[in-house]
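Bear in mind that the values here come from a model prediction, so they are computed numbers and not experimental data. Each chain gets a letter, A, B and so on, in the order its sequence line appears, and its residues count up from 1.
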Amino acid sequence: MLFHMENIEIAKIFHEIADLLEIKGENPFRVRSYKNAAHIIEELPENLKSIVEKDESQLENIKGIGKSIHEKIVEIVKTGKCKLHGELLKELPPGLLELLALSGIGPKKVQLLYKELGIQSISDLEKAAKTHKIHMLSGMGEKTEEKILKAIENLKASKGRFKLSLAMTYVTPLLEYLKNIDGVIKVSEAGSLRRRKETIGDIDILVTCKKGAPIMDKFTAYPEVKEVLAKGDTKSTVILRCGLQADVRALEKKSYGAALQYFTGSKAHNIAIRDRAKKMGLKINEYGVFDETTDKWVAGEDEEGVYKAVGLKWIPPELRENAGEIEAALHNKLPDLIDITDIKGDLHIHTRESDGANTIG
DNA sequence: GCCGTTTTCGGCCCGACTGTTTTCAGTCG
């Protein structure tokens with residue numbers, strides 16, 4: 001008898017295990033393994049339950065899932081729960097997980113707040129910040145206290161992830177605005193927006209411009225900006241009135257391809273690409289591809305060059321999830337993605353739920 | 001915890017920004 005478990009539910013368990021281990025201060029690489037496995041499972045086309053049902057050994061073919069996580073997947077599908085997950089939740093209050101959703105709060109701060117002040121929920125944290133108990137902790141100051149209150153406010157106001165189509169209605173005018181700034185050469189979308197995910201968590205924008213262009217001043221002064229979270233020479237983050245977070249990174253033309261590749265992600269894809277580069281004696285960052293020993297610039301002006309430098313064909317952004325696309329690019333087996341010219345028509349059906357003549361059944 | 005086109009042990013991507021520091025740790029993407 002197997003429990004009905006969707007991949008997304010199993011992924012959530014692994015996400016929580018990773019977060020709890022991280023708060024405990026466990027080996028960061030072990031934490032990463034669980035996070036990585038969670039991402040892989042989220043993107044997996046097949047249902048894990050069906051895989052376990054048919055042939056459990058198929059799990060061994062999934063890269064990033066080793067012996068331990070394999071066993072836990074089987075355990076979850078068979079029993080509906082995971083022992084390690086349960087043990088961690090006994091050890092640490094589950095409310096700590098919600099604290100991680102606050103921007104600027106990570107595992108180390110959660111641990112400190114819990115240990116020193118017994119804080120185990122957002123409402124505990126809000127009370128402590130309002131009564132000025134936080135700045136007494138080492139490494140925390142008055143600004144941290146203010147930032148925490150703002151982060152709580154922003155989280156309460158945020159609407160979570162936005163559907164791509166809705167996000168685009170906010171992104172398009174922002175892109176136009178940035179294009180019209182003096183000295184700007186090119187403005188590109190990046191991140192999950194460029195990967196055309198169904199929903200996006202924040203807006204990533206890349207700007208190439210001449211030296212000294214007032215890009216960050218203008219960006220943070222965009223009328224739709226509600227709050228500026230960070231503002232530097234090359235990178236700034238704001239929250240828009242609609243609740244979406246927007247990041248802008250400014251780079252010189254020479255770095256355009258490398259930056260676009262870096263900023264488009266996904267994170268898992270980038271880690272895999274960099275790992276591959278490293279094994280080839282190369283180093284990739286947002287400024288380009290470099291020879292690791294001589295630091296000589298190898299590629300970076302366009303994305304094709306970046307992929308070519310690591311022996312791969314250009315990979316369409318929609319596929320960059322570290323879900324086998326790198327192997328496919330290596331063996332010249334990348335699929336042709338559907339584009340607008342492939343659409344020949346549209347089929348849809350009405351039922352009596354609207355203005356049709358028949359029932360759904 | 002995962003992985004291996006020099007490896008089954010010893011590594012594990014890289015850099016910006018902030019706030020707290022007095023040179024750095026934490027967070028984020």
Inset, instruction - Using distance alone, with no hydrogens and no angle criterion, decide if A:Tyr307 and A:Gln261 have a side-chain donor and acceptor under 3.5 Å apart. - result: yes
Inset, instruction - Respond yes when some side-chain nitrogen or oxygen of A:Thr264 is under 4.0 Å from OP1 or OP2 of B:dG29, and no when none is. - result: no
Inset, instruction - With heavy atoms under 4.0 Å as the rule, sort A:Pro107 into base, sugar-phosphate or nothing. - result: sugar-phosphate
Legend entry - Rounded interatomic separation in angstrom, taking CD1 from A:Ile273 and C1' from B:dC12: 17 Å
Inset, instruction - Verify the contact: side-chain N or O of A:Gln245 to OP1 or OP2 of B:dG29, cut-off strictly under 4.0 Å; return yes or no. - result: yes
Legend entry - Side-chain donor-acceptor pair present, A:Glu42, A:Asn7, cut-off under 3.5 Å: no
Inset, instruction - For A:Asp233, look at atom CG and say whether over 12 heavy atoms of other residues, nucleotides or ligands are found less than 6.0 Å away. - result: no
Inset, instruction - Would you classify A:Asp233 as touching base, sugar-phosphate or nothing, given that sugar-phosphate means primed atoms plus P, OP1 and OP2, and contacts are heavy atoms under 4.0 Å? - result: sugar-phosphate
Legend entry - Base-pairing mate for B:dT8 - Watson-Crick or G-U, with both contacts under 3.5 Å: none
Legend entry - For B:dT7, glycosidic torsion class - syn if within 90° of 0, otherwise anti: syn
Legend entry - Rounded distance in Å - CZ (A:Arg30) to P (B:dC2): 10 Å
Legend entry - A:Tyr177 side-chain N/O to A:Lys218 backbone N/O, donor-acceptor pair under 3.5 Å: yes
Inset, instruction - Would you mind telling me which of B:dC28, B:dG29, B:dC17 lies closest to the side-chain atoms of A:Ser103? - result: B:dC28
Inset, instruction - Among B:dT18, B:dG4, B:dG29, find the nucleotide with the atom closest to the side chain of A:Ala230. - result: B:dT18
Inset, instruction - With C1' as the reference atom in both, quote the distance from B:dT23 to B:dT18 in angstrom, rounded to an integer. - result: 15 Å
Inset, instruction - State, without any angle test, whether A:His269 and A:Glu321 hold a side-chain donor-acceptor pair at a distance under 3.5 Å. - result: no
Inset, instruction - Between B:dC13 and B:dC3, how far apart are the C1' atoms? Round to whole Å, please. - result: 16 Å
Inset, instruction - Would you indicate what A:Glu142 reaches in the nucleic acid, counting non-hydrogen atoms under 4.0 angstrom: base, sugar-phosphate, or nothing? - result: sugar-phosphate
Legend entry - Gap between atoms CE and C1', on A:Met140 and B:dT21 respectively (whole Å): 15 Å
Inset, instruction - Using only heavy-atom distances, determine whether the side chains of A:Thr131 and A:Lys127 contain a donor-acceptor pair under 3.5 Å. - result: no
Inset, instruction - Taking only the side-chain nitrogens and oxygens of A:Ser33, find out if one of them lies under 4.0 Å from OP1 or OP2 of B:dC2. - result: no
Listed pairs, N/O of protein and of nucleotides 13-15 of chain B, under 3.5 Å:
residue : atom : partner  : partner atom : Å
B:dC13  : OP1  : A:Arg32  : NH1          : 3.0
B:dC13  : OP1  : A:Arg32  : NH2          : 2.5
B:dC13  : OP2  : A:Arg32  : NH1          : 3.1
B:dC13  : O2   : A:Arg274 : NH1          : 2.7
B:dC14  : O4'  : A:Arg274 : NH1          : 3.0
B:dG15  : OP1  : A:Asn285 : ND2          : 3.3

Inset, instruction - Would you mind telling me which of B:dG26, B:dG29, B:dT20 lies closest to the side-chain atoms of A:Lys109? - result: B:dG26
Inset, instruction - Let me know the distance between NZ of A:Lys67 and P of B:dC2, rounded to the nearest Å. - result: 9 Å
Inset, instruction - Using atom CD of A:Glu26 as one end and atom C1' of B:dC12 as the other, report the distance to the nearest whole Å. - result: 16 Å
Inset, instruction - To the nearest Å, give me how far apart CG (A:Leu155) and C1' (B:dC28) are. - result: 16 Å
Inset, instruction - Would you indicate what A:Thr237 reaches in the nucleic acid, counting non-hydrogen atoms under 4.0 angstrom: base, sugar-phosphate, or nothing? - result: nothing
Inset, instruction - Select base, sugar-phosphate, or nothing to describe what A:Ile40 touches, counting heavy atoms under 4.0 Å on all strands. - result: nothing
Inset, instruction - Could you check A:Glu145 against A:Ile69 and say which one's nearest nucleotide on DNA chain B is further toward the 5' end? - result: A:Ile69
Inset, instruction - Could you give the distance separating B:dC2 and B:dT6 at their P atoms, to the nearest angstrom? - result: 24 Å
Legend entry - P gap between B:dG1 and B:dT7, integer Å: 25 Å
Legend entry - Between A:Thr264 and A:Arg194, a side-chain donor and acceptor under 3.5 Å: yes
Legend entry - Integer-rounded Å distance: B:dC24 C1' and A:Lys108 NZ: 13 Å
Legend entry - Which nucleotide in B:dG29, B:dG19, B:dG1 has an atom nearest any side-chain atom of A:Lys147: B:dG19
Inset, instruction - Check the distance between B:dG26's C1' and A:Ile23's CD1 and give it to me in whole angstrom. - result: 14 Å
Legend entry - A:Lys279 or A:Leu84, whichever maps to the more 5' nucleotide of DNA chain B: A:Leu84
Inset, instruction - In plain terms, say whether A:Glu71 and A:Lys78 are close enough for a salt bridge, that is, a side-chain N and a carboxylate O under 4.0 Å apart. - result: no
Legend entry - Test side-chain contact (heavy atoms from CB on, under 4.5 Å) applied to A:Thr144 - qualifying residues, sequence neighbours left out: A:Lys109, A:Met140, A:Ile148
